[in-house]
**Q** 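Shown below is the structure under consideration.
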Number of protein chains: 2
Amino acid sequence: MTENETGERARRTGEATKAGILAAARARFARQGYERTTIRAVAADAGIDASMVMRYFGSKEQLFEAALTIDLQLPDLGGIPQQELPALLVRHFVARWEGDPTDDALLVLLRSAVTNEQAAARMRDIFARQVAPVIATALPPAPDVPQRAALMSAQLLGLALARYLLRLPPALALTPAEVERLYAPALAAVLAGP
Amino acid sequence: MTENETGERARRTGEATKAGILAAARARFARQGYERTTIRAVAADAGIDASMVMRYFGSKEQLFEAALTIDLQLPDLGGIPQQELPALLVRHFVARWEGDPTDDALLVLLRSAVTNEQAAARMRDIFARQVAPVIATALPPAPDVPQRAALMSAQLLGLALARYLLRLPPALALTPAEVERLYAPALAAVLAGP
DNA sequence: GCACGATGTCAACACGCGTTGGCCAACAAG
DNA sequence: CTTGTTGGCCAACGCGTGTTGACATCGTGC
């Protein structure tokens with residue numbers, strides 16, 4: 001057994017390969033979803049044999065699980081006035097979707113969550129842990145805060161669906177700034193309540 | 001001419017079988033999506049052999065195509081005042097989603113459109129032919145009417161996504177009337193513009 | 001009666017899938 | 001040198017898939 005020493009030399013470990021597999025898997029899952037993504041294709045993208053994927057991740061399902069890890073990177077909304085929250089959320093999400101083209105995490109999650117119960121559960125978890133609390137801190141306490149947060153999330157998800165998944169032409173015709181201008185008031189309407 | 005006789009095995013006409021296959025296919029596609037739905041499973045649900053499905057529909061893809069035929073049954077909005085349109089749309093869509101449980105058409109379309117380009121194209125077509133014109137008739141002419149219609153569709157799709165596909169608990173906690181009360185103003189915000 | 005088309009079953013084919021296990025090359029340690 | 005570990009390839013297995021074609025059954029028109 002190899003022992004780690006303090007003066008550890010730079011070695012070509014399996015970690016690099018594992019990261020390569022994960023990146024390839026994310027890209028495939030994002031483009032094709034869970035079912036149509038094959039272990040063989042992921043392995044080919046990563047430049048190794050399919051059996052290596054099994055070695056490092058155990059099974060296709062575990063590989064998928066690993067690819068689902070996501071951090072929405074929501075900013076801290078502690079001091080944000082309620083009026084500015086909607087525009088900020090829209091801007092942040094659009095930027096997140098259109099930012100780094102190699103960051104397929106959101107695409108993986110949304111595309112998979114619609115047909116894969118495992119991914120749907122992950123989505124619910126992300127909403128409960130990352131989205132709902134952040135929105136709740138910017139709102140005065142009320143019994144229907146979680147419901148309003150869910151409806152705001154629905155709006156943001158619907159935007160992503162129409163623009164980045166279905167690619168409705170009129171939705172694509174808008175610039176990010178125009179989306180913010182037209183869509184933020186809609187978030188605000190749910191935020192404020194009827 | 002074949003007569004229906006009680007107690008005797010009536011041989012099915014081809015149309016009845018075809019309709020049975022289509023109903024079974026819609027249910028499977030709605031629950032499992034395109035990839036995980038197998039011809040054998042559809043045939044078993046319809047109580048016939050898998051080769052019958054091929055006989056009647058040619059291929060799995062053509063069966064899917066047939067299952068995608070959808071009529072949103074949007075009411076004529078000719079005389080509707082603009083103020084009432086959002087609530088009417090929300091009510092109509094929620095009713096359509098929660099109405100007939102055997103009518104899986106919407107579920108098929110939405111679930112498939114996220115991973116299947118064929119279904120996505122169908123969705124764009126439905127938006128362009130059924131949704132956008134109806135919304136446009138209720139609005140004063142403006143250059144950004146299609147964009148606003150697309151964003152309203154995004155909101156309705158997001159609602160369906162959160163409530164019926166992802167099943168976010170807070171979104172499920174709302175009654176249809178509460179959804180209408182909270183969500184219609186959001187549609188109105190997009191409809192009216194900033 | 002008899003052929004015929006409609007309705008349906010059955011067995012098989014070819015293929016791609018996830019997964020397994022054996023083998024190989026490099027290399028560090030004893 | 002031997003031994004063990006690591007990173008990797010290769011061939012194969014078992015299975016389920018979409019799809020095909022040969023065969024069975026039965027009501028009905030000539």
Side-chain angles (χ1 to χ4, degrees), chain A residues 1-25 28-29 31-68 112 115-116 118-119, chain B residues 1-25 28-29 31-68 112 115-116 118-119:
Chain A
M1 179 184 290
T2 58
E3 294 185 1
N4 285 342
E5 302 174 358
T6 54
E8 188 175 359
R9 290 187 303 172
R11 56 182 183 184
R12 299 168 186 174
T13 67
E15 283 303 314
T17 306
K18 191 169 180 178
I21 295 173
L22 201 52
R28 285 276 174 182
F29 283 137
R31 213 181 328 140
Q32 307 178 325
Y34 180 81
E35 326 287 344
R36 295 174 49 192
T37 294
T38 71
I39 296 265
R40 283 171 162 88
V42 169
D45 291 351
I48 43 131
D49 188 84
S51 60
M52 284 284 91
V53 178
M54 304 300 293
R55 187 110 94 202
Y56 281 116
F57 290 92
S59 70
K60 181 182 180 180
E61 204 167 282
Q62 287 172 267
L63 173 63
F64 183 60
E65 177 84 19
L68 280 185
S112 308
T115 43
N116 188 292
Q118 187 184 353
Chain B
M1 184 186 303
T2 55
E3 298 285 343
N4 285 344
E5 305 168 4
T6 57
E8 297 273 342
R9 267 190 232 163
R11 189 158 205 193
R12 281 190 288 189
T13 158
E15 282 305 312
T17 305
K18 193 169 178 176
I21 295 172
L22 201 52
R28 285 276 175 182
F29 283 137
R31 213 180 329 140
Q32 307 177 326
Y34 180 81
E35 327 286 346
R36 295 174 47 191
T37 294
T38 71
I39 297 264
R40 283 172 164 87
V42 170
D45 291 350
I48 43 131
D49 189 83
S51 60
M52 283 283 92
V53 178
M54 304 300 294
R55 183 110 86 209
Y56 280 116
F57 289 93
S59 70
K60 181 183 179 180
E61 203 166 283
Q62 287 173 265
L63 172 64
F64 183 60
E65 177 84 19
L68 280 184
S112 308
T115 42
N116 187 294
Q118 186 183 355

**Q** Does any N or O donor sit under 3.5 Å from an N or O acceptor when you compare the side chain of A:Arg40 with the base of C:dG18?
**A**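 For A:Arg40, whose side chain was compared with the base of C:dG18, there is a donor-acceptor pair (under 3.5 Å).
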
**Q** Should the ring pair A:Phe29 and A:Phe64 be called parallel, tilted or perpendicular, given that the plane angle runs from 0 to 90° and is split at 30 and 60?
**A**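 Taking A:Phe64 first and then A:Phe29, their aromatic rings stand perpendicular (interplane angle over 60°).
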
**Q** Closer to the 5' end of DNA chain C via nearest nucleotide, is it B:Asp49 or A:Ile39?
**A**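 Counting from the 5' end, the first nearest nucleotide belongs to B:Asp49.
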
**Q** Atom CD1 of B:Ile21 to atom P of C:dT7: distance rounded to whole Å?
**A**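 In whole Å, C:dT7 P and B:Ile21 CD1 are 11 Å from each other.
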
**Q** Whole Å only: how far is the CD atom of A:Glu35 from the P atom of D:dG16?
**A**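 Answer to the nearest Å: 16 Å.
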
**Q** Quick one: list whatever passes salt bridge (charged side-chain N to carboxylate O under 4.0 Å, His left out) with B:Glu61, sequence neighbours left out.
**A**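 B:Glu61 satisfies salt bridge (charged side-chain N to carboxylate O under 4.0 Å, His left out) with no residue once adjacent residues are dropped.
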
**Q** Residues from residues 51-64 of chain A sitting under 4.0 Å of DNA chain C, heavy atoms only?
**A**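 Nucleic-acid contacts, sorted: A:Ser51, A:Met54, A:Ser59, A:Lys60.
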
**Q** Mind checking whether B:Tyr34 and B:Lys60 have side chains closer than 4.5 Å, heavy atoms only?
**A**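 B:Tyr34 reaches B:Lys60 side chain to side chain.
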
**Q** Quick one: B:Ile48 CD1 to C:dT7 P, roughly how many Å, whole number?
**A**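 That distance rounds to 12 Å.
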
**Q** Do the side chain of B:Ser112 and the main chain of B:Ala119 share a donor and acceptor less than 3.5 angstrom apart?
**A**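 Side chain of B:Ser112 to backbone of B:Ala119: no pair is present.
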
**Q** If we only count heavy atoms from C-beta on, is the A:Arg36 to B:Thr115 side-chain gap below 4.5 Å?
**A**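 They are not in contact (no side-chain heavy atoms under 4.5 Å apart), so the answer is no.
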
**Q** To the nearest 0.5 Å, what is the distance between CG on B:Leu22 and CG on B:Leu63?
**A**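 Here the rounded value is 6.5 Å.
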
